[in-house]
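Remember, it's a predicted structure, so these values are computed and weren't measured experimentally. Values below: every heavy atom of this structure, side chains too, minus hydrogens, waters and symmetry copies.
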Amino acid sequence: MSVGGRKIDASGASARTRTSMSVGGQKEVASMAYEVELKNINKHYGDFKASDQVNFGVERGRLIGLLGPSGSGKTTILRMIAGLETPDSGDILIAGERVNELAPGKRGIGFVFQNYALFRHMTVRENIGFGLKVQKESKSRIRERVDELTRLIGLDKFADRYPMQLSGGQRQRVAFARALAPSPRLLLLDEPFAAIDAKVRKELRGWLRETIHKLGITSIFVTHDQDEAVEVADDIIITNRGRVEQAGTPLEIYRKPHTPFVADFIGESVHVPDYTVFKGFSARGGSEHPGIIRPEFIEIGLDDREIAMPLAAEHGIVRAAYFRGSNVGIDVEVKGQILKAARSLEKVPLQEGDEALVLIHRILSFEGGQAKTIANQSKRKESVVI
Amino acid sequence: MATSIMQNRMFSSDSRAKPELAPVSAETLVKWLLIFLSAAFLVVMLILPLILVGAEALSKGWEAYVAALAEPFAQKALLLTVEATVIAVLLNTVFGVASAWLLTKFDFRGKAVLGSLIDLPFAISPVVAGLFFIMLFGRMSPFYPTLQAYHAAVVFAVPGIILATVFVTFPFITRELVPVMEAQGRSEEEAAATMGAGGWTIFRYVTLPNIKWGLIYGIILCTARAMGEFGAVSVVSGHIRGKTNTLPLHIEILYNEYNFTAAFAVASILVFIAILILVLRNMVEWRTQNRRIQRQRPH
């Protein structure tokens, strides 16, 4: 169980796979170490395939982000784990036990709904205590637990209010406390921050991550927001059209996207149909060379002095420059293609129509369906010469 | 509309500098015309008839009025109406809540068909509905010999009247609850289920408190309709005085016998009950809105 601060390690993750998955339906080797495991899950709604051979396992105490565009099947996965939907085929295991036929209330899960789903005619106290009341806990035990939880969420002064009288962020925390009250072994959160305004959302993200780690409870949350997933989750599972595209730590997924979809979905990606047109990325067999260039792969400068290796750089024309708070986003045209770059606010500002030097350090290529980072070759040559 | 009138006034006052002499605008004219039309319509269609019922009922003095009400057949008719109404409303409350729950909280094949079927009594003429029951339980029915064998009369008897009333008032509670329950969604019930609550607990502690006022409103409407039902009941009743006559049927008989004072006296009971229900309805409505406002206002 990992408690406390979250670790960021890219290389270590592959050695000790915490979130394993397989795409395409090969059977995963059974492992008893998983707190939650999905095996070959399929789910249809009419003609719509919501889950297509979904396989993954989650280790105890991890905080997992299920990330994907809307309609990618992430909420369906969460609801199937909770027992609110039934898979057409496949097995769902919680703590090594098959739970497919088990009622939601018997699975030991807590569920936080997207719109909180607080009982509107009950006070905060009654909401949080409901699960314990249903399980016939004693009144004093319920009171104790509710007090403990209202303190945890910092709403002990609001315990006798109705949900209508609370702000969005407060309701979200009540929903969280209500799900935790019966001490579930697994916490499931459906778009926990979707209905909250931007500033409160940022605060809540940090609060939720810390609280979950403090409690050490295995948690899975669904989101369509990559920033949220990267910031909150220990591991991310990316879904697309009912399939699991990739699973791993945020850094791993960022550095080594397995599919063009993942590369496109994570980070700010610009597709180039043929990367061999750029200096330092000459052809190496094959006819098509599609690639992805991210702003952080690019260095942009006004002249020779600003670019470390001007000979390896391309000439471009600035098409747009926009202030983004912490830096300036720049659209620059190189060889007829618009690339996106970022420039420090400390440097001489670039304006529309300016000529600029553009050094492309890396490109992500997907030849043969395999993701590969290609480094700029002329850069290497130049450094050898020097 | 109000704002445009204001703007108009302001405009004319600017140009003429004498606001009190501003001409009546077209909007104001239309407004008063509409108010007059609605008021006139209400007077002719509702208020005048109500006054006439009262006046006619009392036209031969209080004694005649009380005598008409105290007459055994009138008493019997009132009792039968209350009996049929209470049973129909009870049954329809159970059916209505069950069907609304089914239609809003579950997905199943044929859901749309069921939804339309529940509306059927609204679409069918009550007389036709009465004929259904004659066909189903009367002499032409294949069940008739069996019913005869057990001496169970449905048509031209009290069970038929109750059946007809249930049929005609069937959609009221469901139709009142479905929009309420649809707007509330399923997530509260799902949340309760993930916490281990069973079906009855979920209904008792989560669904019922949420639909309480909608349900009461539906029951009131259903009661009002059940008390006044004429068409379907008229067909299955057989008009046996003191046995199968409800209040509306009794009124018709009195009227057809040119016993106008008695007819209007009995009718005044129905009018009185209708007004009572109306007041009750408004209280529920007021209460619902008030609660909503109170809950929305933070301390």
Between A/Gly105, A/Ala82, A/Gly108, A/Gly83, who has the most heavy-atom pairs with chain B when the cutoff is under 4.5 Å? A/Gly105
Under 6.0 Å from the [atom1] atom of [X], do we count more than 12 heavy atoms belonging to anything else shown?
{"X": "B/Phe36", "atom1": "CZ", "result": "no"}
{"X": "A/Arg143", "atom1": "CZ", "result": "no"}
{"X": "A/Lys106", "atom1": "NZ", "result": "no"}
{"X": "A/Arg241", "atom1": "CZ", "result": "no"}
{"X": "B/Phe122", "atom1": "CZ", "result": "yes"}
{"X": "A/Lys49", "atom1": "NZ", "result": "yes"}

Side chain, backbone, both or neither: which part of B/Glu189 has a non-hydrogen atom closer than 4.5 Å to chain A? neither
So, taking the atom named [atom1] in [X] and the one named [atom2] in [Y], what distance separates them when rounded to the nearest 0.5 Å?
{"X": "A/His121", "Y": "B/Lys212", "atom1": "NE2", "atom2": "NZ", "answer": "8.5 Å"}
{"X": "A/Asn127", "Y": "B/Met195", "atom1": "CG", "atom2": "CE", "answer": "7.5 Å"}
{"X": "B/Asp107", "Y": "A/Tyr45", "atom1": "CG", "atom2": "OH", "answer": "9.5 Å"}

If one checks every heavy atom of A/Arg107 against chain B at 4.5 Å, the contacting part turns out to be neither
Does any backbone or side-chain atom of A/Phe119 lie under 4.5 Å from a heavy atom of chain B? Answer side chain, backbone, both or neither. both
Using non-hydrogen atoms and a limit below 4.5 Å, what part of residues 130-142 of chain A faces chain B? A/Phe130, A/Gly131, A/Lys133, A/Val134, A/Gln135
How about residues 173-190 of chain A versus chain B: which residues have heavy atoms under 4.5 Å apart? A/Arg178
